[in-house]
Amino acid sequence: QVQLVESGGGLVQPGGSLRLSCAASGSIFSINAMGWYRQAPGKERELVAVITSGGSTNYADSVKGRFTISRDNAKNTVYLQMNSLKPEDTAVYYCNGVLRLSVLGKWLDYWGQGTQVTVSS
């Protein structure tokens with residue numbers, strides 16, 4: 001059974017920083033891309049940042065220059081360093097991983113349970 005478990009959310013003042021972590025565990029053969037998505041109340045889930053197994057990254061325009069995604073392949077963990085946080089960054093942040101459970105298995109999407117990030121004074 002595969003699990004993606006996020007941590008690091010919380011309440012922070014505007015201009016502050018938070019670091020999210022997401023660890024994938026279980027019978028995983030390999031991991032392709034890992035990423036972070038977020039969903040604010042009344043809005044659709046949106047991509048925040050993604051990183052490939054080779055380290056290539058892509059960011060939403062709204063977070064470029066403020067957020068940094070990284071990963072530790074040895075630990076099957078992805079991180080999101082969030083700086084200069086704004087109230088509009090408030091959302092539930094979800095971790096996503098594209099995983100394969102065997103050498104001939106399909107690449108499948110797995111999601112974490114989400115962690116709340118609230119930016120408010």
Side-chain angles (χ1 to χ4, degrees):
Q1 184 175 354
V2 173
Q3 283 189 309
L4 273 65
V5 179
E6 301 112 333
S7 60
L11 173 65
V12 64
Q13 292 186 342
S17 298
L18 281 176
R19 189 191 193 211
L20 305 182
S21 300
C22 172
S25 62
S27 300
I28 300 169
F29 178 76
S30 62
I31 303 177
N32 194 341
M34 298 189 79
W36 291 94
Y37 291 71
R38 67 186 181 187
Q39 187 166 19
K43 294 188 177 181
E44 294 187 352
R45 190 174 297 190
E46 63 176 0
L47 173 70
V48 176
V50 63
I51 184 168
T52 68
S53 57
S56 297
T57 59
N58 192 32
Y59 296 91
D61 287 343
S62 59
V63 306
K64 282 181 180 177
R66 301 188 297 122
F67 291 10
T68 302
I69 190 171
S70 61
R71 64 191 283 174
D72 184 333
N73 290 331
K75 296 181 179 180
N76 288 343
T77 299
V78 63
Y79 306 95
L80 186 68
Q81 178 65 44
M82 304 185 293
N83 299 328
S84 302
L85 282 160
K86 304 175 181 180
E88 50 264 43
D89 294 317
T90 296
V92 178
Y93 283 70
Y94 296 91
C95 173
N96 170 264
V98 181
L99 313 178
R100 191 165 57 170
L101 305 186
S102 66
V103 63
L104 297 178
K106 294 181 180 180
W107 293 103
L108 299 174
D109 271 315
Y110 288 85
W111 293 88
Q113 79 286 354
T115 185
Q116 177 70 45
V117 171
T118 302
V119 185
S120 175
S121 55

Residue list, side-chain hydrogen bond (donor to acceptor under 3.5 Å, both in side chains) with [X], at least two apart or on another chain:
X	answer
Lys64	Asp61
Ser25	none
Gln3	none
Asn83	Ser17, Gln81

Using side chain to side chain contact (heavy atoms under 4.5 Å, CB included), reason through Leu20 and Met82 one step at a time and then give a plain yes or no.
CA-CA 8 Å; Leu20 305 182; Met82 304 185 293; 3.7 Å; yes

Under the ring pair (Phe, Tyr, Trp, His ring centres under 6.0 Å) definition, can you give me all pairs with a residue in residues 52-84, not counting sequence neighbours?
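Every pair satisfying ring pair (Phe, Tyr, Trp, His ring centres under 6.0 Å) with a residue in residues 52-84: there are none.
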
Among all residues two or more places apart in sequence or in another chain, which pass the side-chain contact (heavy atoms from CB on, under 4.5 Å) test with [X]?
X	result
Ala91	Arg38, Ala40, Tyr93
Ser84	Arg66
Leu101	Val2, Tyr110
Val119	Val12, Pro14, Leu85, Pro87, Asp89, Thr90, Val117

Between Cys22 and Tyr94, is a side chain to side chain contact (heavy atoms under 4.5 Å, CB included) present by the stated rule, with each step listed?
CA-CA 9 Å; Cys22 172; Tyr94 296 91; over 6 Å; no

Do you know the tightest heavy-atom contact between Cys95 and Val78?
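The answer is SG-CG1, 3.8 Å.
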
On a heavy-atom basis, which atom in Ile69 and which in Trp36 lie closest, and how many Å separate them?
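Looks like CD1-CD1, 3.8 Å.
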
Is there a path of hydrophobic side-chain contacts, each under 4.5 Å between heavy atoms, that joins Ile28 and Val103?
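Not linked; separate clusters.
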
Met34 reachable from Leu108 in the ILVMFWY side-chain graph, under 4.5 Å edges:
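Same cluster: Leu108 reaches Met34 through Ile, Leu, Val, Met, Phe, Trp or Tyr contacts under 4.5 Å.
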
Per-pair distances, 0.1 Å, donor-acceptor, side chain in residues 48-55, under 3.5 Å, sequence neighbours excluded:
{"from": "Thr52", "atom 1": "OG1", "to": "Gly54", "atom 2": "N", "distance (Å)": "3.3"}
{"from": "Thr52", "atom 1": "OG1", "to": "Gly55", "atom 2": "N", "distance (Å)": "3.3"}
{"from": "Thr52", "atom 1": "OG1", "to": "Ser56", "atom 2": "N", "distance (Å)": "3.1"}

Between Gln1 (side chain) and Gly26 (backbone), is there a donor-acceptor pair under 3.5 Å?
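Checked: no pair found.
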
Approximate separation, where rounding is to 0.5 Å, of [X] [atom1] and [Y] [atom2]:
X	Y	atom1	atom2	answer
Leu4	Ile31	CG	CD1	7.5 Å
Asn32	Asp109	CG	CG	10.0 Å
Asn73	Ser30	CG	OG	10.5 Å

Sort and list the pairs that fulfil salt bridge (charged side-chain N to carboxylate O under 4.0 Å, His left out) and have at least one residue in residues 110-121, not counting sequence neighbours.
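Every candidate salt bridge (charged side-chain N to carboxylate O under 4.0 Å, His left out) pair involving residues 110-121 fails, so no pair, neighbours aside, qualifies.
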
For Tyr37, check ring-ring contact (aromatic ring centres under 6.0 Å, His included) against everything at least two apart and list the hits.
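Expected list: Trp111.
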
Is the number of heavy atoms from other residues, nucleotides or ligands under 6.0 Å of Glu88 CD greater than 12?
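Yes, CD of Glu88 has more than 12 neighbouring heavy atoms, counting only those of other groups under 6.0 Å.
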
